[in-house]
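First comes the structure, then the notes that go with it.
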Amino acid sequence: MNESALVEKPDAAALLAAEEHHLSGFFGRIVAFYGRVMQAVLKRPLVLAASSVVIVILAFVCYRALGSDLLPSMDEGGFILDYYTPAGSSLAESNRILNHIEEILHSTPEVENTSRRTGLQLGIAAVTEANRGDFTVKLKRDRKRGIDEIMEDVRNDIETSEPGVKVEFVQVLQDMIDDLSNAPQPIVIKLFSQDQNLLARTAPKVAEAIGKVPGVVDVLDGIENTTSGPATTFHVQPAVAARSGFTAEEIGVDSSAILEGEPAATPVVLNDRAYTIRVRFPDANRASIEDMQNTLLVGSTGKSATLGALTQISNDPGETEITRENLQRLVEVTGHLEGTDLGTGIAGVQKAVDALHLPASIRVEYGGTYQEQQKSFRDLSMVLILALALLFVVLLFEFRTFSAPAAILASALLSTFGGFLALLITRTSFNIASFMGMIMVLGIVAKNGILILDAEQRFTQLGFSPEEAMIQAGRRRLRPIAMTALATIAGMLPLAFALGAGSQMLQPLAIAVIGGLLSSMVLSLTFTPAIHYYLQPRKAV
């Protein structure tokens, strides 16, 4: 066995000598420098530990300095302008306001064309109030200003000339995604309370407070634009109804039959199919409130009485729309963000709401895009943990030792520092796309670690010492690791520079991958073998 080792080692030495002969010029100097660095790292474990701690701290600092969003910001070349005219406005007055808004849009040089919906909005909502609607605005392809600047100018013109109308601006794709995800606005503050009057007083205060936060625009308090028309309420008089031989339930069913009809007890069968028949009073009985009062009802006891004699009528003024979630009454204060990321904007909103010291009877929840972002980040975090676990299991079966998987995963996690730093330098927010880029970096860096440690095992089998085997493995794999990383970076550059249609959606992913690969070229070649060297058990001499 020793003779075999003695025969193979000179062959390996001859092979290394031949390779060293071809290492000249710039790349040869890089390889020589790498060898000296590895010798120093393998002799100074404290330097390795201190460097790892510093990288972890810097990665955390970069992450905290980054803004966060759900999706990457992009210029779609068009936007949706949602409008809310004053509640109760006549059709003529609403049309006048909307015609003026159209004039403002058409006077904007970057606007190519517009379309308007009145009493209807883009989305999947089943009910839209009569005073609501939207404009779909398409911008010209050749323009000097960005879409955010255009929307800001249009908003200022509308708010100055038509202060009574409320407007919201959102890009087309973002508006559709928000509707499908049931998160129509980036900022949604849900105020829960059983006291309707308290909600009516609190919601405007919250809207005013968050409206002062930098970057928060298009704030709505959830009350002022949901006023319905006057109502007539029929209150059943229990004592009178009992003397007349009626129950409150009977009166309710009869009243419902007058207005919208009641299904018959027995369906009609035609061609072996059952059809439910809805029975309704004649139209003459619901032509007016007086006709409804004079409608003669017959109770189960056979006695008869008019609806007006059994009930007490009251006319109520216009009431606000009642919204409930999980059977709890709530009011939603909404808003949009402009010129700031979602994480920074929500942090300012939460600080402003906390400063109001709302009553204890009001429960506050934050929904909208922020809620979807938190859910998406939690899901991606679980994907990241699962990916690390599966990667560890695969590496464990491949190397059959715990030191190799630990070294590879440690280096992969440290490489995320480059992704965070690249996002920070390019002022790109951390979102779903960049999160996916970080997960991709882990897989790529793990591949580099496998290449180095596989070469280290081969050199060890040839009889090299553990230290020399680590150094020679790094020297042997430096070129393929650098070339594959540079090739991947070159392929990602068009996306990183947002070249081509739709590339802005994947730009954060490309930036995160490029930053992670740049840092992994250093960490995979130094930290992976060094950590493995210190973790693997030493054989007693």
Are Leu517 and Met492 packed together at the side-chain level, in the sense that at least one heavy-atom pair is separated by less than 4.5 angstrom?
no
Any heavy-atom pair between the side chains of Ile158 and Leu81 that's under 4.5 Å?
yes
Are Val353 and Tyr366 side-chain neighbours, meaning at least one heavy-atom pair lies under 4.5 Å?
yes
Any donor-acceptor pair under 3.5 Å linking the side chain of Asp148 with the backbone of Gly339?
no
Nearest heavy atoms of Ile80 and Asp134, plus distance in Å
CG2-CB, 3.9 Å
Is there a side-chain contact between Leu330 and Leu191, using heavy atoms and a 4.5 Å cut-off?
no
Val333 vs Ile210, side chain to side chain contact (heavy atoms under 4.5 Å, CB included): CA-CA, chis, key distance, verdict:
CA-CA 9 Å; Val333 180; Ile210 68 172; 3.9 Å; yes
Kindly compute the distance separating CD (Gln373) from CG (Leu71), expressed to the nearest 0.5 Å.
9.5 Å
If I compare all heavy atoms of Leu70 with all of Ser376, which pair ends up nearest, and what's the gap?
CD1-OG, 3.8 Å
Looking at CZ of Arg155 and OG1 of Thr160, how far apart are the two atoms once the value is rounded to the nearest 0.5 Å?
11.5 Å
Is a side-chain donor or acceptor of Thr488 paired with a backbone partner of Thr484 at a separation under 3.5 angstrom?
yes
As an exercise, state the distance from OG1 of Thr85 to CZ of Arg96, rounded to the nearest 0.5 Å.
11.0 Å
Could you please spell out the steps behind the side chain to side chain contact (heavy atoms under 4.5 Å, CB included) verdict for Met438 and Leu380?
CA-CA 10 Å; Met438 294 296 183; Leu380 286 175; over 6 Å; no
Met440 and Met436: side chain to side chain contact (heavy atoms under 4.5 Å, CB included), yes or no, with the steps?
CA-CA 6 Å; Met440 291 176 59; Met436 293 171 61; 5.6 Å; no
Ile514 versus Ala496, closest heavy-atom pair with distance:
CD1-CB, 3.7 Å
Regarding Gln507 and Thr428, is there a side-chain donor-to-acceptor distance under 3.5 Å anywhere?
no
Check whether any side-chain heavy atom of Val219 lies under 4.5 Å from a side-chain heavy atom of Thr334, and answer yes or no.
no
Just how far is it from atom OG of Ser161 to atom CG of Asn156, taken to the nearest 0.5 Å?
10.5 Å
What do the steps show when you test Leu442 against Leu384 for side chain to side chain contact (heavy atoms under 4.5 Å, CB included), and what is the final call?
CA-CA 9 Å; Leu442 295 178; Leu384 176 61; 2.9 Å; yes
Taking the side chain as C-beta and beyond, is there a heavy-atom pair between Val170 and His336 under 4.5 Å?
yes
Which of Gln328, Glu325, Glu332, Glu365 passes side-chain hydrogen bond (donor to acceptor under 3.5 Å, both in side chains) with Lys190? Answer is Glu325
Look at atom NZ of Lys138 and say whether more than 12 heavy atoms of other residues, nucleotides or ligands are closer to it than 6.0 Å.
no
Close side-chain approach of Tyr83 to Glu162, heavy-atom, < 4.5 Å
no
Give a yes or no answer on whether the side chain of Asp195 reaches the backbone of Asn197 with a donor-acceptor pair at less than 3.5 Å.
yes
Under 3.5 Å, is there a donor-acceptor pair between the side chain of Ser429 and the main chain of Asn431?
no
For Arg141, does the CZ atom have more than 12 heavy-atom neighbours from other residues, nucleotides or ligands under 6.0 Å away?
no
If I compare all heavy atoms of Ser361 with all of Leu198, which pair ends up nearest, and what's the gap?
OG-CD2, 3.2 Å
So, do Phe420 and Phe60 sit near enough that their side-chain heavy atoms are less than 4.5 Å apart?
no
Taking Ser519 for its side chain and Gly516 for its backbone only, find out whether a donor-acceptor pair lies under 3.5 Å.
yes
Value rounded to 0.5 Å, distance of OG1 in Thr114 from CG in Leu105
6.0 Å
Closest contact, heavy atoms only, Ser434 versus Leu423
CB-CD1, 3.8 Å
Hey, could you give me the CD1/OG1 distance between Ile511 and Thr426, rounded to the nearest 0.5 Å?
3.5 Å
Nearest heavy-atom contact between Glu262 and Val253 is CG-O, 3.7 Å
If the plane angle is over 60° it's perpendicular, under 30° parallel, otherwise tilted; pick one for Phe435 and Phe377.
perpendicular
Thr416 side chain to Ala412 backbone, donor-acceptor under 3.5 Å:
no
Taking Asp341 for the side chain and Ser68 for the main chain, is one N or O donor matched with an acceptor at less than 3.5 Å?
yes
Is the number of heavy atoms from other residues, nucleotides or ligands within 6.0 Å of OH (Tyr63) greater than 12?
no
